Amino acid sequence: MQLHEYQAKDIFKKFEIVVPEGRVAVSSVECKEYFELLAKKCVIKAQIHAGGRGKAGGIKLVTSPQEAEDAGSQMLGSNLNTFQSAGGEFPINKIYIEEALNVTNELYLAITMDFEMKCPVVILSTEGGMNIEEVAEKFPKKIIKLFVDPLIGLSPYKVRKLCSMLNMGKKLDEQLSSTIFKAYSIFDSLDCSLVEINPLAVVEKESIVALDAKITIEDDSMFRHKDLAKLFDESQMNETELNALKNDLSYIKLFEGQIGCMVNGAGLAMATMDITMKAGMAPANFLDVGGSASEDKIKEAYRIICSDKDVRLILVNLFGGILRCDVAAKGIVDGHKETRKKTPMIVVLRGTNSDEAKTILQNSDLDITFARDLPDAANKIQQKLGN
Amino acid sequence: MQLHEYQAKDIFKKFEIVVPEGRVAVSSVECKEYFELLAKKCVIKAQIHAGGRGKAGGIKLVTSPQEAEDAGSQMLGSNLNTFQSAGGEFPINKIYIEEALNVTNELYLAITMDFEMKCPVVILSTEGGMNIEEVAEKFPKKIIKLFVDPLIGLSPYKVRKLCSMLNMGKKLDEQLSSTIFKAYSIFDSLDCSLVEINPLAVVEKESIVALDAKITIEDDSMFRHKDLAKLFDESQMNETELNALKNDLSYIKLFEGQIGCMVNGAGLAMATMDITMKAGMAPANFLDVGGSASEDKIKEAYRIICSDKDVRLILVNLFGGILRCDVAAKGIVDGHKETRKKTPMIVVLRGTNSDEAKTILQNSDLDITFARDLPDAANKIQQKLGN
Amino acid sequence: MSILNNDSNKVLIQGLGRDGSFQTEKCIQFGTQVVSGVHPTRAGKTFGEGVPIFGSVEEAVKATSPDIGLIFVPAPFALDAIVEQIDSDIRTVVCITEGIPVSDMIKVNQYLKDKKTRLIGPNCPGYIIPEKNVKVGIIPNDIVSSGEVGVVSRSGTLTYEAIVQLTKLGIGQSACVGIGGDPIHGTTFVDVLEMFEKDKNTRAIVMIGEIGGTNEQIAANKIKDEISKPVVACIVGQTAPQGKRMGHAGAIVTGKSALASEKIEALKNAGVTIADSPTEIGLKVHNLLK
Amino acid sequence: MSILNNDSNKVLIQGLGRDGSFQTEKCIQFGTQVVSGVHPTRAGKTFGEGVPIFGSVEEAVKATSPDIGLIFVPAPFALDAIVEQIDSDIRTVVCITEGIPVSDMIKVNQYLKDKKTRLIGPNCPGYIIPEKNVKVGIIPNDIVSSGEVGVVSRSGTLTYEAIVQLTKLGIGQSACVGIGGDPIHGTTFVDVLEMFEKDKNTRAIVMIGEIGGTNEQIAANKIKDEISKPVVACIVGQTAPQGKRMGHAGAIVTGKSALASEKIEALKNAGVTIADSPTEIGLKVHNLLK
C-alpha cells in the first residue's frame, strides 16, 4: 500500500526525521492561506500515487500568496500523467504546501528488500533528485548499498562507513546517520517494502532534511498494521483497479490490447499473455484470479474484463488445483447474467472438476469456443481475430 | 534496576496487561480516601524492593475505610524486613492500594534470561502465590518452561502448548496467551532481566489479572533506557549501598563480619572472602572496585568500608591490570585524610605500578601491614585478630 | 530411488481448513500416506478416513513419525507453522500458503541455515512423484504420468500446463516440483537441478522460469558447470510491461537482469533448449528425447 | 605450537581510549605484534610507535591482515565492534569490555554460530602465551613465565593470583586464558580444556571457577570423558551468601547447581585435584608435577 507524501511525512515526524514545515491543502484558498503562514518561498506539490511528479508539472515553486493560490487552483481537480504512471492518470485531490529551503546538495536514500541477499538493503547515493534507475545505469559507483542482518539489525559500523564515503564532515555525518537509523526503524516497524527519500537535502550546508517522502507498506503485511489501512486513498486507483483490489484479484490494465484474459496463477497468466502476443494479438490485461477463487470473485473478474471497452475477445484459461473449475464456471455465468454482454470467449478448462464446468458453460447462452489446451487456444485466437 | 509494584503496573497498563484498579498513597488519609473510591474490599501493599512482603506483614486485606487508614498509618514510615531481604530493612514510603478480587486460582508467570540456553525463557506454573524456588524444588513438574529464539521471537505455537497444558478452556487460554505475549514485549523492549507476575490470578473463573508485578531492568542496559532512570527509588537502598552504586562500586554489606575487604575483580574478591573465612574471620562485605578505578572511586570505597562499624580490620587486595596500583594508593590516602579513622590494614599490592603504590602508602600515617600475596595475607589476618 | 524420496514418505498436514482438507483428500486419493493432521482446536478428532488430528506438530510427530510436513495455514500464521515443523526436525516441509510477508520469510530463511529441514515454497504447488504415488501439494492427480522427465517451476498452474503437454505426448515425469513464486523461498532451481542430475530415474529436465529476480541466471550457471542432462526451459512474462507487478511478488521486472530476454540469453549460453512459447514445452522435450 | 596460535599472531586493536591505549602499550612491550588500530575519528593517524589507525575494521584488515582482534570499546558499542570484527572474518576476537547487555550477547552468540570467528570474553582479561611473547589482553606482563601449565579462568584478577603462585614456585605457563565472567561468553571452559588436551606444550591444567551457572559441571563432564592431563581446580565464592550478586553477572547463586560445593563435588568426581583455598593453587600444581 502506497502512502501519499504528506502521510509519509507525518510518519517521518513521529520518528523525528527532519522535514520542511508544511500543510495539506484541499482548496486553492487554503494554498494561499498556508503560504502566508509558512514562508516567503513555498513548494506546491500534487499528492498522487506516482513518481516523476516534478517533470509532469505536479511540483511548483511559488513566491507569493497569489502564485500559491493559482498553482493550487490549477492542480486541484486535474489529473496527472507522469512518465512513471504507465499510461494511467492520477487525480489531484490534495496539495501539500511546504516551505522551500536553500538546498546545498541533494542525496538519495532508500530502504527496500534485497531478494537476492534475502535481507533489507539501505541504498544511498550522492545523486539525489534524479531518477535513481538512471543513476544506477549511468553511474553505478555512485550508489552505495548496505545490507542489514536479520538478527543483528542495522549495524552502526556499516552506517558509519556509508556516511564516511560521502565525506561531508562530522556534523552532517551525524545527522545523516541518525536519519538512516530512523528511516530503517520505519521500514522495520511498519513492514515496508520501500522507504525512499529523494531528495534528502543538505540545507544551508548544515542540516539534513527530507524534502520528499515515499513509504510503501508491503500488502502481505497489512494484517499486522490495520491502523494504517485508513491511510489508503481510493481516489488514486481507477474504478476497475479498485474493484479488482477489493475482490483480491491481481489485475493490471494494459493499454492498446484487445484480448481480455482471465487466468489462475501468475505464471500461467503471463504464459497466456505471451501466447496471445505470439498469435499477433495484444492482451488487454493481466488478471490472475488466484489460487482459491470463489464464485463471486470469478463473477467480479468477468465483469471487470467486460467493462474494458478495448476487449474484443475473452480468453479464459483455468487450471483447477485449489481452484475448482465448476465454481469458476458458475461465476462466469453469473457475471454474464449481469453484464449481458456477449463478447466471444475462448475457454480452456482443465484440472479439478473441469468436466462439470464445461457442462455449465455449454448450458449457458454465452458465445463460447472451447480449446483443449494452450496451443489450441493460440490457434483459435488467430482463427477468431486473424481474419 | 528494580521497579516498585506500582511502577511495574503502570508499565503493564501501557502494554494492556489487565491489573486490578489501584492507586498510590503516601499517607493514611489517602489510603482511606482511595478505599472509598475503589472497592468494598481492598488490598494495602507496602511498596518496597524486596519479595516476601506478604509473610512479613507488608500486604493487608482491608474491608472498611477505617481499616484502610489504620493499615496505612501502621505501614507508612516503618521498615520491613522480609525473608528475601538478606538482613536489610526497607522503608515503606509508599502504599499501593487496590481492589481485592475474587480469585479462583493463582498462576505464576515469569520471563527471564536462561544463561545456559542463551535466550529468554518464559516460566509458567500452576502454583502461583507461592515462593517459586520452593515450587521448583518440591514440584519440578509443575514448572513449565518455554525458550525464545533470538531471531524468531516468542513462537505462538510454543505459547499455545504452554497454555494448553493448563487446560483452562478456550477463553482463559486466549487471555493467558495474550498476557504472555504482552509480558514478553515488556521484557524484550525494556531489556529486562526479569518480568514476574506472581500471582497471575484467574478471577471469577473468567478473566486473567496480574495481582502483583515485578520488573527488573538489566543494569547494563540502562544506557538504552534513560527515561526509566527517573523511576529509581533511592530510599530503598541504605546510604552506603547508594554511595557505592553512585560510584559504580560493586558492594554488598555482609552482616556479622569484621573484615572490611577492598579488592579489584569479582573473582579475586570472592577468593579474598573465602580465605578470610578460612582464616577464621568473617568478611564484613564484598567490594569490587572494578577494572578501571579512579582515585575518587577508591577514596569512596575506602570511606564506605570505614563507615561500617563492624569492621575491625581492612584487607586491601589489588592486582593492577587495567587498574593502576599507584592511583589506588592515592585514593586510599585521600580517603584516610577525610575519615581520620586508623583502622589497621593488611595490604597486598601487585601488578601495574605496585612499587610506586607501596611507597605512597608507606609515606602515609596509615596503620599498614604489607603482605606479599594471598597466603601471606591469610596468615597476617590470623596474627592480627587471632590473638 | 527418485528425488525428494524420504525414508518413509509419511506426510503430516498442518492447516485443515476448506482448501487444506480438500487437497489432502486428493493427496490420499493419489496414494500418499497421510499419517496425521495438526489443528489447534480439533485435537483428538480425525479427518478423512481416520487420520488422527493433533494439537501440535510435536505430538503428531511423536505419534506418527512423519518425514514430510505439508502446510496450508493462512499467511499470518505460516511463519509460526514453518518454525514449528522445523523445530520438530521434519525433513521436508512444503508450504502451499501464499501471501506470507517478506519479513517473515527473511526470518525463516535465516532460521533454516543450521537446521536439517528442507523447505519447499511457500506459494507453491508442492511436488509429486508419479512412480511412487507420492504427492505433497496440489498438483492435479490426473495430469501426471510416470516417466523420466523432471519438471521444476516457479509457477503453479504453468507447471500443470507443462505436465499436461508432456503426458499428452506420452512423456512421463520422474518428479515435478513447484518451488514457488515468492521472492524468498526455500528450495531453489539450483537445488532441484542438482537432485535431478543425481537421480537415476531422470533423463531430461524441464525448467519453467519467470521474469523478475536472477534465479534463472544462477540456474544457468549451475547447468553450464554441473548439469549433464539435457534441459528444456521456458521463461514466461516476455510480454509483461516493465515495472509492473505480475501477481507473483517475485515476478517484477526490476533492472535488466530481471527481463525475460536476459534470462533466455543466459540459459541459451548454458546449452539449454529454449521453448520460445509456453505452448512448445512438450514438443521441445519430445524432440530432445527422440 | 601452543594453543590459540594463529597463522601470524598479528593483532588489531579496536577502541583506543585511555585504557585501550595503555594496555596496548603493555601488549607491545610484551612482544605482541600489534599491526593496526581502529578508531572512527582518528583514522589516518598512528599510535604508539607508528601503529596505523584506520576508520574501520575492513580497512585495517585490508591493509594489515591481522589474525586477532582485541576490543576495548565501551559497552554500548561493543556488540557492533564484535559484529564488525566477525564480518571481517577475524579468526580470534578478544573482547575485554565489561557491562555489555545480556540481550546483546545473546545476539552475538547466535550470530557466531555459522561464522569462522572464535570469540574470547567479553569481560575477560584475554590470553597470554609466554613462550611466543604473545599477549592479547591485560594479563600483567611481569607475572608470567614460560612453561608447561595451562591456566583457564572465569575471573581476571584471580587468574593473575594463580599465575603469580605458579611463577613463584618456578612453574611456568604454556598459556593463560581468561574466558570472562559474563553469563554469556564466547569461548568456554570446555573449549579451552580441549585445546590444552591437544597441546603438546601443556602438561597440566589449572582451572579457576566461580559460583553461579553450571559451566564448571559441564567442564567436569568433559574432563571425565576426554581430558587425560591432570587438572587442578579452584572454585571461589564458597563463602558468598546465597541469592546475592557478587560482581560478575555470572556469579549469582541460583539453584543448587550454582553452589560452590556442587561444582567442587562434580570436579572431584571427574578426578580433578581441588585447591580448597585460592592460596593453595600453586602448591597443588607443584605437588602434582613432582
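In what follows, chains carry the letters A, B, and so on, assigned in the order in which the sequence lines appear, proteins first and then strands, with residues in each chain numbered from 1. Since the model is a prediction, treat every value here as computed from it, not as a measurement.
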Measure distances from [X] to the heavy atoms of chain A and classify the residue's part below 4.5 Å as side chain, backbone, both or neither.
X: C/Phe22; value: side chain
X: C/Ile100; value: backbone
X: C/Pro101; value: both
X: C/Ile138; value: both
X: C/Glu161; value: both
X: C/Leu283; value: neither
X: C/Gln23; value: side chain

Please determine whether a side-chain nitrogen of the Lys or Arg among A/Asp373 and C/Lys168 lies less than 4.0 Å from a carboxylate oxygen of the Asp or Glu.
yes
With chain A as the partner, which of C/Asn141, C/Ile96, C/Asp104, C/Ile218 has the greatest number of non-hydrogen pairs under 4.5 Å?
C/Asp104
Residue from C/Pro278, C/Pro140, C/Pro76, C/Ala75 scoring the most non-hydrogen pairs under 4.5 Å with chain A is C/Pro76
Can a donor-acceptor pair be found, under 3.5 Å and without considering hydrogens, that links the side chain of [X] to the backbone of [Y]?
X: C/Thr157; Y: A/Asn264; answer: yes
X: A/Lys278; Y: C/Thr279; answer: no
X: A/Glu218; Y: C/Val102; answer: yes
X: A/Asp274; Y: C/Val236; answer: no

Taking all non-hydrogen atoms of both residues into account, name the closest pair between A/Arg224 and C/Ser103 and its distance.
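Nearest heavy atoms, A/Arg224 then C/Ser103: NH2-OG, 3.2 Å.
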Shortest non-hydrogen separation from C/Ser155 to A/Gly267 and the atoms involved:
OG-CA, 3.3 Å
Does any heavy atom of chain C fall under 4.5 Å from the side chain of [X], the backbone, both, or neither of them?
X: A/Ala271; answer: both
X: A/Asp149; answer: side chain
X: A/Thr352; answer: side chain
X: A/Lys118; answer: both

Distance from [X] atom [atom1] to [Y] atom [atom2], nearest 0.5 Å?
X: A/Met117; Y: C/Ile106; atom1: CE; atom2: CD1; result: 11.5 Å
X: A/Met270; Y: C/Glu210; atom1: CE; atom2: CD; result: 3.5 Å
X: C/Asp182; Y: A/Asp220; atom1: CG; atom2: CG; result: 7.0 Å
X: C/Glu280; Y: A/Leu374; atom1: CD; atom2: CG; result: 11.0 Å
X: C/Thr159; Y: A/Phe319; atom1: OG1; atom2: CZ; result: 9.5 Å

Walk me through it: do C/Thr214 and A/Glu116 pass the test side-chain contact (heavy atoms from CB on, under 4.5 Å)?
CA-CA 8 Å; C/Thr214 57; A/Glu116 271 156 72; 2.9 Å; yes
Can you list everything that forms a salt bridge (Lys or Arg N to Asp or Glu O under 4.0 Å) with A/Glu300? Sequence neighbours excluded, please.
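Testing A/Glu300 for salt bridge (Lys or Arg N to Asp or Glu O under 4.0 Å), a comparison that skips the adjacent residues, returns A/Arg303.
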Crowded around C/Lys115 NZ? As in, over 12 foreign heavy atoms under 6.0 Å?
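Yes, because the 6.0 Å sphere around NZ of C/Lys115 holds more than 12 heavy atoms from other groups.
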